[in-house]
*Asks:* 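Starting off with a structure, shown below.
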Protein chains: 2
Amino acid sequence: MATLRDVAREAGVSVATASRAINGLGNVTAPTKAAVMAAVKKLNFVPHSGARSLTRRKTDTVGVILPDLFGEFFSEIIRGIDLVAHESGMHLLLGNMHGSTHETAAAIAAMRGRVDGLLVMPPDLKPELLSDYLDPTLPTVLLNYDAGSLDLPFVAVDNYRGAYAMTEALLAGGARQVVHIAGPKHNRDARDRQRGFVDAMAQVGGVRNPAILPGDFSEESGVKAARLLVEGQLPADAVFAANDQMAVGLIAGLAESGKSVPGDIMVAGFDDIPLARHLNPSLSTMQVHIDRLGSTAMMLLLRILRGETLGAASATILTPALVARGTTGGVAAARTSA
Amino acid sequence: MATLRDVAREAGVSVATASRAINGLGNVTAPTKAAVMAAVKKLNFVPHSGARSLTRRKTDTVGVILPDLFGEFFSEIIRGIDLVAHESGMHLLLGNMHGSTHETAAAIAAMRGRVDGLLVMPPDLKPELLSDYLDPTLPTVLLNYDAGSLDLPFVAVDNYRGAYAMTEALLAGGARQVVHIAGPKHNRDARDRQRGFVDAMAQVGGVRNPAILPGDFSEESGVKAARLLVEGQLPADAVFAANDQMAVGLIAGLAESGKSVPGDIMVAGFDDIPLARHLNPSLSTMQVHIDRLGSTAMMLLLRILRGETLGAASATILTPALVARGTTGGVAAARTSA
DNA sequence: TTCGCCTGTGTAACCGGTTACGCTGTGAAC
DNA sequence: GTTCACAGCGTAACCGGTTACACAGGCGAA
């Protein structure tokens, strides 16, 4: 592979001149520049980004650290990030914490020297730990994580208000006994959604200790919840699952037990994954523009990298929108129904 | 941020010793090593990967260049790649060609000096162009792309045989007039699937010029195909869509026209996206382990990077498996049905 | 005692770019 | 005819690591 020195030699100039010519800095005459460019073409020279970033002290890359890469949720986030990053000529370096705290530290450490900034989504990490791992000199935006005590910019979904709104809607739709399927215990999203549910039940429904079934955001745990519900003879006329994935499993489980949705029992989810509208009946849910979560965070990071100071703008909360569909009897079944 | 020199100074040793201690090279006494490690802790030193990769001439990163980042297909590929990469301590640098040829060249060029190898998926690029863009010194594995004349290792899905098998199955299931909804014209997957369909129709069904409707892999184009089919009064008792996405649209469109699936008409897709089994009736399709596409390619690349020479092994073809479900009357409707 | 080897450590070159600074030669101003 | 500013270009230091090579000291063998 040709280096800049090779190009300089070929063009009969110094490396400094070659560098200036290639990067379009002013002080190079047209003929000199032409000679350099000819050498570049001839030798097929492509600048070594690693070396360049070493002196420039910028890499034009941002690190993205996600808890997992599974499912549409993450692909949407990445797509949103990429959209904005691409516009600014930034690259994306993917890190995956694979659920382990230790891996998280490693993933973050490995980013040093490779990226100009970090986008981190640590749904089940304690703030103190997180601040230990993060490099304070590296611009960082948190995804879906209210930093709280940490003084870091973040973009989050208003899980609390979303859950509150959905619960309210179920009650308004005639449900009296609403059961919640919770997400993983340590997951902040899950906890906030549960809080929203509990508060809405108390404040709007006048119910003190609403039933809550355990879950872990997986489809399987939704199936299990259906079993618990039916076998446990839990009185319920509506179930609000903490995410769509569990709602999908729940509906399958209810169908096996001969329960009809929404006839016997209404079902609602959270996230509005693409699958939601294709179910039959289609799934009522809280629509989160997942890609916007990513793109907003990326825009925030870009502004920080540009040196802008963002005061209150550093905390962005996206409010999910209620989408009433078939499983709450809100609208006719999706058109995919036969 | 502390550098190696800082650590060396703090520990009272030279940079060489510090480097050796940190990297666990043998020739360092225990007390010296301890002193260095103490300095590392104290100064919070994290090696600068950029600088390190400059001398080591390896980056522990592979570049992944995909045509797009939309939908579950790509998220699954990335997940498969990440799974293997992570095991080997490799990082993933994402490049996106955003559908444009020019961007493709830029994406590939930007990788120089940042990665040790490349995973490229160029579904609608001509081989000659591709070889122009690629750096011959950079180990590269092609995804879902039979390099043909190019002498590059690749991992691909046997689209031809998959389509052939599905068409055969439809015919065996009693269909006589099978219509194909094709994918984008320049897309190799789409073309191979169409060939498989045409050949099977001729060889197994004895049909010379089977009907083929245009499509572009989008759900929308499936809906359009349904319209063409019904309004055009095309005689058909089965439709084989070149991918699941279009099959989904097709089913929706047929439902709108009052056609029942599989009663009036059977439907089959290709890919087995997660949504497929959740439809009602569930979608018959060719199962492609998309994540394996990614992980296999990554394993191939790793072996090349390790210096292994792989002869015939450099071309891997994954054969998709037929999954008969509701839309071909093959099995009972999915359990998500009410 | 002397030689040689081996171990632990330091010096400095190097990876491939960028850029501060210094040098040269030209034309304008005096 | 000097002086000066400035444009164009080259030299060399630098980014932050790795590592070839040199070197010092300790030890066993001759």
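Because the structure is a prediction, the values reported are computed rather than measured. Note on naming: letters A, B, ... go to the chains in the order of the sequence lines (proteins, then strands), and numbering restarts at 1 for each one.
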*Asks:* Residues in side chain to side chain contact (heavy atoms under 4.5 Å, CB included) with A:His186, at least two apart?
*Replies:*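 Testing A:His186 for side chain to side chain contact (heavy atoms under 4.5 Å, CB included), a comparison that skips the adjacent residues, returns A:Asp124.
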
*Asks:* I'd like to check the side chain to side chain donor-acceptor pair (under 3.5 Å) partners of B:Asp158; sequence neighbours left out, ordered by chain and number.
*Replies:*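 Listed in chain order: nothing, the list is empty.
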
*Asks:* Whole angstroms only, please: what is the CG-P distance between B:Asp6 and D:dC15?
*Replies:*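 Taking CG of B:Asp6 and P of D:dC15, I get 11 Å after rounding.
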
*Asks:* If we fit an axis to the first five pairs and another to the last five of the helix from C:dT1-D:dA30 to C:dC30-D:dG1, what angle do they make, to the nearest 10°?
*Replies:*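 One end's axis against the other's: 60°.
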
*Asks:* Would you please name every residue forming a ring pair (Phe, Tyr, Trp, His ring centres under 6.0 Å) with B:His48, sequence neighbours left out?
*Replies:*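 B:His48 satisfies ring pair (Phe, Tyr, Trp, His ring centres under 6.0 Å) with no other residue.
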
*Asks:* Looking at D:dG17, I'd like to know if its phosphate oxygens (OP1 or OP2) sit under 4.0 Å from a side-chain N or O belonging to B:Ser19.
*Replies:*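 No, because none of the side-chain N or O atoms of B:Ser19 sits under 4.0 Å from OP1 or OP2 of D:dG17.
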
*Asks:* Suppose we screen for side chain to side chain donor-acceptor pair (under 3.5 Å). Which residues come up paired with A:Ser131, at least two apart in sequence or across chains?
*Replies:*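 Expected list: none.
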
*Asks:* Go through the structure and list residues passing side chain to side chain donor-acceptor pair (under 3.5 Å) with B:Thr59, not counting sequence neighbours.
*Replies:*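 B:Thr59 satisfies side chain to side chain donor-acceptor pair (under 3.5 Å) with B:Asp116 once adjacent residues are dropped.
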
*Asks:* From NZ of B:Lys58 over to C1' of C:dC14, roughly how many Å is that when rounded to an integer?
*Replies:*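 In whole Å, C:dC14 C1' and B:Lys58 NZ are 19 Å from each other.
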
*Asks:* Find which nucleotide of DNA chain D each of A:Thr55 and B:Asn23 is nearest to by heavy atoms, and output the residue with the more 5' nucleotide.
*Replies:*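 The residue mapped nearer the 5' terminus is A:Thr55.
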
*Asks:* Can you tell me if A:Arg112 touches the phosphate of D:dG17, counting only side-chain N or O atoms and a distance under 4.0 Å to OP1 or OP2?
*Replies:*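 Affirmative; the distance criterion is met.
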
*Asks:* Return the residues of residues 42-50 of chain A meeting this criterion: a heavy atom under 4.0 Å from some atom of DNA chain D. Order them by number, or give none.
*Replies:*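 The answer is none.
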
*Asks:* Can you list every pair that meets side-chain hydrogen bond (donor to acceptor under 3.5 Å, both in side chains) and has a residue in residues 24-41 of chain A, with sequence neighbours left out?
*Replies:*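 Every pair satisfying side-chain hydrogen bond (donor to acceptor under 3.5 Å, both in side chains) with a residue in residues 24-41 of chain A: A:Thr29-A:Thr32.
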
*Asks:* Taking atom P of C:dC15 as reference, at what distance in whole Å does atom CG of B:Leu4 sit?
*Replies:*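 After rounding, the gap between these two atoms is 19 Å.
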
*Asks:* Could you give the side-chain donor-acceptor pairs of residues 103-112 of chain B under 3.5 Å, partners two or more places apart or in another chain?
*Replies:*
unit_1   : atom_1 : unit_2   : atom_2 : d
B:Glu103 : OE1    : A:His86  : NE2    : 2.5
B:Thr104 : OG1    : B:Ser100 : O      : 2.8
B:Arg112 : NE     : A:Val46  : O      : 2.3
B:Arg112 : NH2    : A:Ala2   : O      : 3.1
B:Arg112 : NH2    : A:Val46  : O      : 3.0

*Asks:* Give, for atom CD1 of A:Ile290 and atom CD1 of A:Ile78, the distance between the pair rounded to the nearest 0.5 Å.
*Replies:*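 One gets 12.0 Å once the value is rounded to the nearest 0.5 Å.
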
*Asks:* Starting from P on C:dT7, measure out to CG on B:Leu25 and report it in whole angstrom.
*Replies:*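 The distance from CG of B:Leu25 to P of C:dT7 comes to 14 Å, rounded to the nearest Å.
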
*Asks:* Please tabulate, for side-chain N and O atoms in residues 7-21 of chain B, each donor-acceptor pair with protein atoms closer than 3.5 Å (sequence neighbours left out).
*Replies:*
unit_1  : atom_1 : unit_2  : atom_2 : d
B:Glu10 : OE2    : B:Lys42 : NZ     : 2.9
B:Ser14 : OG     : B:Ala16 : N      : 3.4
B:Ser14 : OG     : B:Thr17 : N      : 3.3
B:Ser14 : OG     : B:Thr17 : OG1    : 3.2
B:Ser19 : OG     : B:Asn23 : ND2    : 3.4

*Asks:* Choose from D:dT18, C:dG17, D:dG16 the nucleotide whose nearest atom is closest to any side-chain atom of B:Leu54.
*Replies:*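 Looking only at side-chain atoms, B:Leu54 lies closest to D:dG16.
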
*Asks:* Please report, rounded to the nearest Å, how far the P atom of C:dG16 is from the CZ atom of A:Arg56.
*Replies:*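 Distance check: A:Arg56 CZ to C:dG16 P gives 18 Å.
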
*Asks:* Taking only residues two or more places apart in sequence or in another chain, which ones pass side chain to side chain donor-acceptor pair (under 3.5 Å) with B:Thr61?
*Replies:*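 Applying side chain to side chain donor-acceptor pair (under 3.5 Å) to B:Thr61 gives A:Arg114.
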
*Asks:* Which part of the nucleic acid does A:Thr3 contact within heavy-atom distance under 4.0 Å: base, sugar-phosphate only, or nothing?
*Replies:*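 Here A:Thr3 touches the backbone only, sparing every base.
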
*Asks:* Taking everything shown except B:Met90 itself, do over 12 heavy atoms lie less than 6.0 Å from its CE?
*Replies:*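 Counting neighbours around CE of B:Met90, more than 12 heavy atoms of other residues, nucleotides or ligands fall under 6.0 Å, so yes.
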
*Asks:* Pull out every protein N or O sitting under 3.5 Å from an N or O of nucleotides 9-11 of chain C, one pair per line with the distance.
*Replies:*
unit_1 : atom_1 : unit_2  : atom_2 : d
C:dT9  : OP1    : B:Thr29 : OG1    : 3.0
C:dT9  : OP1    : B:Thr32 : OG1    : 2.4
C:dT9  : OP2    : B:Thr29 : N      : 3.0
C:dT9  : OP2    : B:Thr29 : OG1    : 3.4
C:dT9  : OP2    : B:Thr32 : OG1    : 3.4
C:dG10 : OP2    : B:Ser14 : N      : 2.7
C:dG10 : OP2    : B:Ser14 : OG     : 3.0
C:dG10 : OP2    : B:Thr17 : OG1    : 2.6
C:dG10 : N7     : B:Arg20 : NH2    : 3.0
C:dG10 : O6     : B:Arg20 : NH1    : 3.4

*Asks:* Nearest whole angstrom, please: distance from the P of C:dT18 to the CD1 of A:Ile22.
*Replies:*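 Rounding to the nearest Å, CD1 of A:Ile22 and P of C:dT18 are 8 Å apart.
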
*Asks:* Would you please confirm or rule out a distance under 4.0 Å between OP1 or OP2 of C:dC14 and any side-chain N or O of B:Arg57?
*Replies:*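 Indeed not, no polar side-chain atom of B:Arg57 lies that close.
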
